[in-house]
Structure formats: structure tokens, C-alpha cells
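Everything below concerns the one structure shown next.
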Amino acid sequence: MAGKTYDVIVVGSGASGGWVAKELTEKGIEVLMLEAGPPRVPTRDFTEHIWPYQLKYRGFGNQKKLLSDQPVQRLCYACDDYSHQFFVNDSEHPYTFPAGKPFMWIRGRQVGGKTFCWARVSYRYSDFEFKGASHDGYGQDWPISYKDLEPYYDRVESYIGVSGSYEGLEQLPDSRFLPPMRLSCGELVAKEIVEKKFGWKLIVDRSANLTVPLNGRPACHYCDECQRGCFTASYFNSPSVTLPAAARTGRFHLVSDAVVSHLIMNSEGRADGVAYIDRTTRDTREARGKIVVLAASALESTRILLNSRSRNFPNGVGNAHGVLGHYLMDHTTLEDGGGTMPALQSSVREPVGRPCGYIIPKYVNTVGPHKNKNFLRGYYFAGDGRQELYGHAASTPGLGREWRDKVRSRIPYSFSVYAQGECLPRYDNYVTLDREKKDAWGIPALHIHASYGENELAMAKAMRDHLGEIMDALKLEDRTPPRDELNIFGKNIHECGTARMGNDPKTSVLNAYNQVHGVKNVFVTDGACFVTQGCWEPTLTIMAISVRAADYIADEYRKGNI
Amino acid sequence: MQTRRQWLMRVAGGAVLAGWSGVDLAAAEFPPGLYGPSRDHLGHALAGHPVEPGGETELVQVRAAAFQPAFFQPNEYRTLRQLTGIILGESADAAIVHEIDEWIDLTISEAASVRAAARALSPLHRTLAIHFYGAEQVRHLEEFDAQRVVREGLAWLDTEAHHAGGFTELDSEEQMALVHRISDAKSDNAGARLFTYLKERVVDGFYTSRAGLDELGYRGNAFYASPPGCEHLYG
């Protein structure tokens, strides 16, 4: 590739980059993709059907190694004995935050990015998100509406496969669904009670798992260990779905272990390409392209823009008005609520393996009568109902065979419920380049400054009250109350914003097509572009926006406008 | 006891087995890191999920020589096997007791270095841990001395069994009577602290074993043709 100028350079190979590469190459455009991490090899790195007794640490993890190498990543439930290989080494990837504002930055650097370990939850946003400011006066509207994105949601869903049930909810538009999965016994009990008492729907979650075969990929076999890799490619990840489609065109070039540090800007204020560092040899290299698309994950794409400093761009590319890095969001959750359902205690084992739970969609401050004036926006509930495996064994008294019989024959039924809410976009939640700290490749680390505001705290109170009412209505026993405090900022791994879209270059970084204001040939297509994020998981919307941006790039490139 | 193969055959609903070749991922045409769906996955899983070398997964290694405990002295290890046997209602020489106790020895032998790693967390990483787990759990990880709990507990047992020359010299009824005194948090002494700790480890070890999972009737990590859900309440 030395000396070659590609049509488009895509930085990052996850949910966003995969779609951009697929769409552009299928339209005849030559793409070079740079991925900071290594390739993963299924037969070496996937562990989905390994049993705990096959592992040296029986599933409990090499704690010394996790504490030393992954003190941040280990906090993610999926960074465990089976799947830690899909998460970065924290000593190579430092970041900082003020002592009173903890931020959890979970990262997956490899071909496929975080799509190996994502929880696959897939929702469409509605105009309650895109036009939130028009609705309640706070913040800014997106420069696009649901109608703009609807055809792209259709395209993404038809290709990746999203299972779910048609519900006709205005606040959570239906996707083009594959057949839904099924509720468990406890969830069916809860559904009746919740619908009768509160008038809310309780439905099985919407998930990017195939419930029927699709596009040459077999249906899910419900082993329930998606985050360990999936040999059958039965849930969406980019290395088995979008990237192979790009590769089949013959116009896709992938360089892994290429850590991009900054854009190379020319005297006309356009990008000529990017500078990167070989992850293993530490050699510095350059790649040339007519267009650069950053899809490296919200905070990483913003870091690259911030680090692209030159005489014409003293504060980084896309930062003429000091907006870049600001309006960071992540969902707020109040977790750990739940208890047991004594009526469902049983001696008979239920099958397990459904790779999702249930949800109760958002009802507060949306359609319908349920309004709460103490805060703006709203939240939804989720959780699951299932039998304990052996969580009750240590506290079951007794010894020997008699004790084991009790453990085997008195299986408690657990029901969990938590709330996930919207975090308002605020200027005061931001990232900058750390003045001193650098990563293993000498690139300035991020300083992340984020905390919850009054709105999130007021919402948390309502969440707690509602969770209590649900747990009361279900008559749960052996209860765990929801946590006192909201989760750590970043824990949901839905970090979005910091290079938001908008029509006004003074208050936004990107235009309605993810193009950097004033820099025609640089685009950002990942979660950095979000203006608001509602209370819903962002990945499906990231993918739809990426396809829309790719369409625009292809059109404009053909017309010679870029 | 059914084999894993029989067990998987049962949950797979009699699906036809294909021989696992390990190279059916249709990856050859793609750049490294991309892959196509495996057609041979059930066979792969049934073959014990072989893992190619070079990865980061730490598997149980097959030992060439007899097991040598890393933490326990020979007499302590005999006591451990007897205690594990009593908790499970198995002979101290049962294969399952060996399997669990070898893992317990590994866990306890590394406990000091895990504690040191917890204490060595940077201030920012410690802050994250406190916000994530709560201060009490973080302190527990930094301060709980499993090696001391085990060593003091075993010494306590030997002191109580002093008349016979130590715990391992008691007959099985006497051993059982002594264990009853310290089980289920009936007292607060070094023996009871050992028992509480050990029962949790035996629970973790046993119910992650093939025998333990079979005994629970665990029906996960399996192959289903349709999504598992409620089977009896509403049909």
C-alpha cells in the first residue's frame, strides 16, 4: 500500500466501520481499513462451549493478571476467564479523570472491535430522541428525524437480523423483526401483573441474534455465551457479517495493528490521510486517502480529532468553536433490584440459553398519561427471570449427600429488574487530551471529565420508587433493593457524543451527514455524532447512521464534490 | 453418570454429528480476522472445544507427574481432602475430591499475590473499584488473608484432635462430630472461619465440575433448535 492513495480510509472495524466499508465497497469504492488491534482467530480465541472445568481457574479468572493488566476492563461483566482476550490491556491504554468523577472506559481493540462482546440489544430511536428539544425545550434537536433514518434502519435490520415482537409503540418503533424469543416462566408471571397493575407492556427484548437462518448464517443455538465469540455467526458482529461482505467485493484492504494517532492535514485544510503506528513494532507510518472516515468508537475518534493539531487547526480538526469533546453521554442505570418468586421454586430444571432478557419500555414523559415533572426525559426497565444455578448452595445448611439433595431439589427462582435512563447532554461533560499521560504508542491519553447532573439524580429517585413498586407488585422475597447510587459513568459502555451533529457549526462538530463542518473530506460515523441518546442502546442507530453517511459519501464522491 | 457426549446428544435433540475438522470456517478467502459461519460447530463442541495454541485462554494442563500441592503441606492436604469429602459426602480419595482440591490449592497458593495486586492498584483504579464494588468488598480483597484462615483453621482442627494425634487420625465419626461443631456458622473460631471459607470454595469447585453440573441438571451451554422459554406454566 506504500504510495497508494485510496478512495476512502476507514479508521476502526467495529459496528460503524464495518457498515461504512460494506456500503462503500459495494458501490465500487476502494477502501483501506485501519484497525488498531490484532485479528481474532475463532479456533484460537473463541471459548463459547468451553466448560468451566476445562479452565485453569474454573471460570473465576486469573485474578492477579486481571488486577494487574486489566484493572478497568475487569469491571465489565464480560471481561472474565473466558473473554478477557477481547478487552484491552489497561496499562497500554491509560486515561485519566478527576478524583471525584470516576469514569469507566471499556474498550475492545481488534478486528471487530466491541462487536464481539456487545450485548446485542437493538432498538430504533424515535422522534422523542431526534426531536427531544422540540418536545421539552432542553438542548438541541438532531439535524435528522426518524423519517430520515427509517429506511436505513430497515436496511441494517434486514441484513444483520434483529429478533423481537411487533408492539406498535410510538416511543420505541418496531424494527423489521425476525421472530421473537420467548419469555421465561417468571417473566410471564410478571407480565400479567405489570400489565394489569401499571398498564405497561412487558416484552422479550429485541436482540441482534438470529432466531431463523439469515443470509447464509444459521440460527442461534442458544448456548447463551455470545460474548465468548460465536462460531456460527448467529449474532451480529462485524468480522462475520459486514466485513466479509466488503471483502467479497475485492475492493477492501484491511491493515490490523495500525494505531492511528492523527489526521494528516494539507495547506488547503483537507485531510491527505492519517498517521499511524504499528502496534507491535512501534514504527510510524502514513496512509493516504481522498476521504477519511473515523469510526474508532466515540471517544477514540474524538481523541484522533483532538490530536490532529496543526497551524490551521490549533485545537484539533473540527474544533474551531470549542465544541469537540463536549456533550459526552452514557446511560444512567439503577441496578441490582430483585428477589425470588417463591411460587416458582421447583425441583425441575428449566432450559437456559436465551441470549436476552425482558424489557418494560419507557412510559414516563412520553406518549400516554404517565408524566413526571421532576425531571426531563425518561427510563425503561429490564432484567430477567430465571432459576438459580447454584447461588443458593453455600447458604444452604447441611453436609454431604443430604445437603446436595437440598441444593438440587429446591431451586430458587430469581427475578431481577433495573432501570436505565437518559443522560442529558451537557457541555460540562467532556474529554480533552491529558497534558502529560500518553499511551503505549506515545499518543496523548484522554482526560475524561463526566458526572451526573440534577436531572439524572432526580430521575434516579423516580427509578428507585418505581422499582420498589414493581418489586412490591410481584411480591418478591429475599429482596435485593436497587443500589443507592447510579452506576459509574461509562459503565454501560454506551458512551456517545463529543463530536455531535448539528446544523450550526458554532454548536456542533458534524453536519447532518456526519461530515466535519468546514473539512469536507473527514467524517465521523460512530457514537461520537450523537446529539442525545434517549434511554435506548445506541448500536443499531450507530449502524443506521453509518449506512446513511456512506450513501452520502458515495454520492458526493461520484459527483466530485468531495 | 452420563458422558458429556451423551449429555450434549440429549440436549441437541439427536442432531447429526459431523466430525470436527477445525478448518471449516471459510476464512481462507478473507483477510485475517474475518470469518464465515462454521457448519461444523456441534462437532467442534463435542470434541471438547479444542483450542489452538497461541491464544490467551488458560486451560487446565494435563500433568505428567503426580500432583504436588503448591500451598498445602502433605498432612494439611490430607486434612483438606477429608474435609472436602465430608462436605460433599464423598470419599477423600474420590476423583472429584482430587479435582476440586487441586483447584483450591491453586486458589490459595495465589491468594497472597492476588492481595498484593489489589493493594497495588493505582489511586484512580482503586477509586473505580470502590465505586463499582463498594468500599467493603475492595477492603476485603485487600485484607482477607485466605492462607492465614486456612492455616489457622487446620491448626485449630489438629489441636481439637490432639488426643488422637491430629484431625486425620480421628475416626470418621469423630471427624464428622468435629466438623458439625464448626459448620453453618454455629461458632466463631478459627475452625468455623476455615469451614465457611472452604464450603464456598467446594461449592464453586463442585458445581463447576461435570459431575456437579449434571447433578444440578444444568441445561445451558447447549444446542437448542428454538429459543428456550417457559415450558409448563403457559405452554
Side-chain angles (χ1 to χ4, degrees), chain A residues 39-40 42-45 47 49-50 52-59 62-64 67-68 71-72 75 85 99 102 104 111 181-185 188 211 217-218 221-225 231-233 239-240 243-244 247 254 256 349-354 389-390 393-394 397 399-401 408 488, chain B residues 22 25 30-38 41 44-45 49 51-52 54-60 86-89 103 110 113-114 117-118 121 124-125 127-128 131-132 179 183-184 199-200 203-205 207-210 215-224 227-231 233-234:
Chain A
R40 296 295 171 205
T43 45
R44 185 192 66 194
D45 298 321
T47 55
H49 284 288
I50 285 185
Y53 50 84
Q54 292 178 285
L55 292 170
K56 183 177 176 188
Y57 293 95
R58 296 185 88 86
N62 183 339
Q63 289 303 322
K64 184 188 164 198
L67 281 159
S68 311
V72 180
L75 302 176
Q85 63 272 23
M104 199 172 135
V111 176
M181 290 184 257
R182 298 160 63 203
L183 293 173
S184 66
C185 302
L188 282 168
T211 47
R217 296 157 54 209
H221 55 271
Y222 307 101
C223 73
D224 196 16
E225 306 296 357
F231 276 90
T232 58
S240 68
L243 296 178
L254 173 64
S256 48
R349 275 282 160 195
E350 299 287 327
V352 289
R354 186 193 59 189
L389 183 55
Y390 66 88
L399 290 168
R401 294 287 176 152
R408 180 187 54 75
I488 305 179
Chain B
L25 294 168
F30 298 137
L34 279 52
Y35 69 101
S38 167
H41 180 50
H44 174 233
H49 204 314
V51 174
E52 282 172 16
E56 295 173 45
T57 309
E58 295 182 81
L59 298 165
V60 172
I86 288 169
I87 291 171
L88 289 176
W103 169 73
E110 293 191 355
S113 56
V114 170
L121 281 184
L124 286 186
H125 292 155
T127 298
L128 280 182
H131 281 268
F132 190 89
V179 169
S183 66
D184 300 326
K199 186 172 175 184
E200 287 171 4
V203 160
D204 285 342
Y207 290 116
T208 51
S209 72
R210 183 71 263 154
E215 182 163 303
L216 291 170
Y218 177 57
R219 295 172 69 187
N221 194 356
F223 289 76
Y224 287 104
C230 184
E231 285 191 326
L233 253 191
Y234 292 74

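Residue numbers begin at 1 in each chain, while the letters A, B, ... track the order of the sequences.
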Quiz item: If you take all heavy atoms of B:H125 and A:P71, which pair is closest and at what distance?
Solution: ND1-CG, 3.3 Å
Quiz prompt | Among the listed options B:S183, B:S209, B:A118, the residue most often paired with chain A at heavy-atom distances under 4.5 Å | solution = B:S209
Quiz item: What are the two closest non-hydrogen atoms of A:P351 and B:R219, and how far apart are they?
Solution: CD-NH1, 3.5 Å
Practice problem: Over all heavy atoms of both residues, which pair between B:L34 and A:A247 is shortest? Give the atoms and the distance, please. | Solution: CD2-CB, 3.9 Å
Quiz prompt | Option that, when pairs with chain B are counted at under 4.5 Å, heavy atom only, ranks first among A:P397, A:S240, A:G59 | solution = A:S240
Exercise. If the plane angle is over 60° it's perpendicular, under 30° parallel, otherwise tilted; pick one for B:H41 and A:H221.
Key: tilted
Practice problem: Could you tell me which non-hydrogen atom of B:Y35 sits nearest to which non-hydrogen atom of A:A233, and how far apart they are? | Solution: CE1-CB, 4.5 Å
Quiz item: Hey, is the main chain of B:P37 close enough, under 3.5 Å, to the side chain of A:R217 for a donor-acceptor pair?
Solution: no
Practice problem: Find the one option among A:V111, A:T47, A:D45 whose heavy-atom pairs under 4.5 Å with chain B are most numerous. | Solution: A:T47
Exercise. Could you check which of A:L75, A:D224, A:T211 has the highest count of heavy-atom pairs closer than 4.5 Å to chain B?
Key: A:L75
Quiz item: Closest heavy-atom contact between A:L389 and B:Y218?
Solution: CD1-CD1, 3.5 Å
Quiz item: Under a 4.5 Å heavy-atom cut-off, does chain A meet the side chain of B:L121, its backbone, both or neither?
Solution: side chain
Quiz item: In chain order, what residues pass the ring pair (Phe, Tyr, Trp, His ring centres under 6.0 Å) check against B:Y207, with sequence neighbours excluded?
Solution: A:Y390
Quiz item: When only pairs under 4.5 Å are counted, which of B:D184, B:V179, B:I87, B:L128 shares the most heavy-atom pairs with chain A?
Solution: B:L128
Quiz prompt | Portion of A:I488 that has a non-hydrogen atom of chain B nearer than 4.5 angstrom | solution = side chain
Quiz item: Between the side chain of A:R349 and the main-chain N/O of B:L216, is any donor-acceptor distance below 3.5 Å?
Solution: yes
Quiz item: Does the side chain of B:E58 come under 3.5 Å of the side chain of A:N62 through a donor N or O and an acceptor N or O?
Solution: yes
Practice problem: Search all heavy atoms of A:K64 against all heavy atoms of B:V114 and return the closest pair with its distance. | Solution: N-CG2, 3.8 Å
Practice problem: Under 4.5 Å, counting heavy-atom pairs only, tell me which of B:L59, B:T127, B:V51 racks up the most with chain A. | Solution: B:L59
Quiz item: Do you know which of A:P244, A:G353, A:A393, A:P218 has the most heavy-atom pairs with chain B at a distance under 4.5 angstrom?
Solution: A:P244
Quiz item: Side chain, backbone, both or neither: which part of A:A99 has a heavy atom under 4.5 Å from chain B?
Solution: backbone
Exercise. Quick one: pull up OG in B:S113 and CD in A:Q63 and give me the separation to the nearest 0.5 Å.
Key: 11.0 Å
Quiz item: Roughly how far, to the nearest 0.5 Å, is CD of B:E56 from CD of A:Q85?
Solution: 6.0 Å
Quiz prompt | Residues forming a side chain to side chain donor-acceptor pair (under 3.5 Å) with B:T57, sequence neighbours excluded | solution = none
Practice problem: Using atom types as modelled and distance alone, determine if a side-chain donor or acceptor of A:R58 lies under 3.5 Å from a backbone N or O of B:D204. | Solution: no
Quiz item: Just how far is it from atom CZ of B:F30 to atom CG of A:L243, taken to the nearest 0.5 Å?
Solution: 9.5 Å
